[in-house]
**Student:** 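First the structure, which I've put down as structure tokens, then a few questions once you've had a look.
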Amino acid sequence: MAKIIGGLGTSHVPSIGAALDKGLRDTPDWKPFFDGYEVGKQWMRDAKPDIAVVVFNDHGNTFFLDRVPTFAVGVAETYNPVDEGWGPRAIPAFEGAVDFSWHFVDKLVERHFDPMVCREIEVDHGLQVPMELFFGRPEAWPVKVLPIWVNTIQYPIPTPQRCWEMGKVLREAIESWPGDERVVILGTGGLSHQLQGARAGFINQAADRAWLDGIASNPEPYRAMTREDYVEQFGSEGAELIMWLVMRAAMNSDVNLIHKHYHAPASMTGAGMVVLENAA
Amino acid sequence: MSEAAATIPDTPLFDRAGSIRGYRINKMAMALGQPANRAAFKADEEAYLDSFGLSAHEKSAVMARDWHEMVRLGGNLFFILKISAVDPTPITRIGAAQASMEHEDFLHLRLGKKRNG
Ligand SMILES: [Fe+2]
């Protein structure tokens, strides 16, 4: 069986990728943010995963409003970075964990999930930025990816409870996979931010800091919260945090919080990271 | 959900009504992900907007870069950000416009950045 070697949570703000593209890593605005991720990068180098499952949302780059899958799963051989309007980015394409991805799709449908299954699709900053934060800028990515898209753009978005349930199926898929790959799961998005409406610029640092600890030690309240609670506490786009629940539910109920980092603001977002390992 | 969420002040959620209302404006903006469309937009903005069937009101909101109005008309930030990429307009300026604040005030009061100088 494949092995879950860690669960990571991270923001995926597009400005992070843009800052790297423009060589702004060590400017006063960005240095404290990127410095805090160094321990996460080191953890990843030591952990040597074979597959990264990345749970994220598209931001009007791959999916338009003509068809909005609540959940979509990639089974492609290659995922190219999509042009989000600023032109193509100089980062390598992502190689898909094709067989394992199909296995996950099989498990999902067996467990009464009905995902859209994607054979040819590009990925936006939701996947790109977490990969850059944990793997840097390699010539080629050292892992294959399994992308999971969650709709967090057009309401109704899925409930936190449903994201949690998907995480349980993800774990089952990993544990029933005959290979011996080492799998890392990245729940991405958030933390607090709001881009639309007169409350734009809303950041809730207290809620963000509580999230980074709570998602490790006591995720139950976050699972029980409504979507409305997420919007109220974390802002309209901060509701992306429901995607971390997919990662968290795939882990043991007892986890060790190995690393955490918080920085606000990154662009208009409270940005943060956790590295979790299953407790022995 | 959308009715309950409507009770969070100053926080529009992109629901059925917004998705229907903003469909044309968002479709026009989505297309700016392609370089050829960005070139067409730059060459003749009004003609580009006409080719997506935008109303006069929608066109004037886009051409004036009235971000607040674009959102009110159903524009979703993730799509209309592609307009800002062509300009380019920093996202914090779009935030400040929606909050009806000066940019510096927005950076300080909402995002918690230190004031310059
Ligand atoms: Fe996002």
Side-chain angles (χ1 to χ4, degrees), chain A residues 13-15 18 28-29 57-66 68 82-88 122 124-126 151-159 193-205 226-233 235-239 264-270, chain B residues 1-20 22-23 26-27 29-35 37-38 67-68 71-72 74-86 88 90-92 94-101 106-107 109-114:
Chain A
V13 185
S15 313
D29 262 2
N57 64 292
D58 178 64
H59 305 77
N61 293 305
T62 298
F63 295 116
F64 183 58
L65 303 169
D66 55 341
V68 180
V82 67
D83 182 343
E84 301 190 18
W86 283 270
E122 296 177 310
D124 79 355
H125 65 264
N151 164 42
T152 61
I153 303 292
Q154 176 183 271
Y155 281 76
I157 65 173
T159 60
H193 64 302
Q194 177 154 339
L195 307 181
Q196 349 217 17
R199 199 174 71 145
F202 173 79
I203 289 179
N204 188 343
Q205 292 207 19
T226 65
R227 292 164 290 183
E228 184 191 11
D229 294 334
Y230 273 84
V231 172
E232 192 155 21
Q233 279 196 37
S236 50
E237 281 66 42
S267 183
M268 280 172 60
T269 303
Chain B
M1 168 69 199
S2 55
E3 279 160 39
T7 61
I8 301 170
D10 300 327
T11 303
L13 292 184
F14 193 68
D15 59 5
R16 169 184 170 179
S19 184
I20 293 169
Y23 198 83
N26 289 319
K27 189 168 181 179
M30 176 84 178
L32 294 173
Q34 277 138 40
N37 291 329
R38 295 200 283 273
W67 306 103
H68 197 104
V71 171
R72 210 187 57 78
N76 180 287
L77 240 286
F78 291 118
F79 298 107
I80 66 177
L81 269 176
K82 291 176 185 41
I83 302 169
S84 77
V86 173
I91 190 169
T92 48
I94 301 175
Q98 292 187 84
S100 304
M101 294 167 86
F106 178 80
L107 294 180
L109 297 170
R110 291 277 165 100
L111 303 184
K113 290 181 93 95
K114 292 202 179 68

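In the text below, chain A, chain B and the rest are named by the order of the sequence lines, each starting its count at 1. As the structure is a prediction and not an experimental result, all values here were calculated from the model.
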**Student:** So, taking the atom named CZ in A:R199 and the one named CD in B:Q98, what distance separates them when rounded to the nearest 0.5 Å?
**Tutor:**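 Between A:R199 CZ and B:Q98 CD, I get 13.0 Å after rounding to 0.5 Å.
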
**Student:** What pair of heavy atoms forms the shortest contact from B:G95 to A:A200, and how long is it?
**Tutor:**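 Reported closest heavy-atom pair: O-CB, 3.9 Å.
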
**Student:** What part of A:E84 gets within 4.5 angstrom of chain B, counting heavy atoms only: side chain, backbone, both, or neither?
**Tutor:**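 Looking at A:E84, just its backbone touches chain B.
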
**Student:** Which bit of A:T152 is near chain B, if near means a heavy-atom gap under 4.5 Å: side chain, backbone, both or neither?
**Tutor:**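 When you check distances to chain B, no heavy atom of A:T152 falls under 4.5 Å.
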
**Student:** Of the backbone (N, CA, C, O) and the side chain (C-beta and beyond), which part of A:Q205 lies under 4.5 Å from a heavy atom of chain B, both, or neither?
**Tutor:**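 Neither part; nothing is under 4.5 Å.
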
**Student:** For A:Q196 versus B:L77, what's the shortest heavy-atom pair and its separation?
**Tutor:**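 Heavy-atom minimum between the residues: OE1-N, 2.9 Å.
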
**Student:** Any side-chain to backbone donor/acceptor pair from B:K27 onto A:D66? Under 3.5 Å, distance only.
**Tutor:**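 A pair under 3.5 Å: no.
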
**Student:** Where does A:Y230 contact chain B at under 4.5 Å (heavy atoms): side chain, backbone, both or neither?
**Tutor:**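 Neither part; nothing is under 4.5 Å.
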
**Student:** How close do A:A198 and B:R110 get, heavy atom to heavy atom, and via which atoms?
**Tutor:**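 Minimum heavy-atom contact is O-NH1, 2.9 Å.
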
**Student:** Let me confirm one number: the CG-CG distance from A:L65 to B:N76, rounded to the nearest 0.5 Å.
**Tutor:**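 Nearest 0.5 Å value for the CG-CG distance: 7.0 Å.
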
**Student:** According to ring-ring contact (aromatic ring centres under 6.0 Å, His included), who are the partners of A:F64, at least two apart in sequence or on a separate chain?
**Tutor:**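 Scan of A:F64 (ring-ring contact (aromatic ring centres under 6.0 Å, His included), adjacent residues dropped) gives B:Y23, B:F79.
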
**Student:** Could you pull out all residues at least two apart from A:F202 that satisfy ring-ring contact (aromatic ring centres under 6.0 Å, His included)?
**Tutor:**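 Partners of A:F202 under the ring-ring contact (aromatic ring centres under 6.0 Å, His included) test: none.
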
**Student:** Check A:M268 against B:L111 and note the closest heavy-atom contact, atom names and distance.
**Tutor:**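 Distance-wise, the nearest heavy atoms are CG-CD1, 3.8 Å.
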
**Student:** Where do A:N61 and B:M30 come nearest, in terms of heavy atoms and distance?
**Tutor:**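 Reported closest heavy-atom pair: O-CE, 3.5 Å.
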
**Student:** Between A:D83 and B:K82, does a salt bridge (charged side-chain N to carboxylate O under 4.0 Å, His left out) hold up when you go through it step by step?
**Tutor:** CA-CA 10 Å; A:D83 182 343; B:K82 291 176 185 41; over 6 Å; no

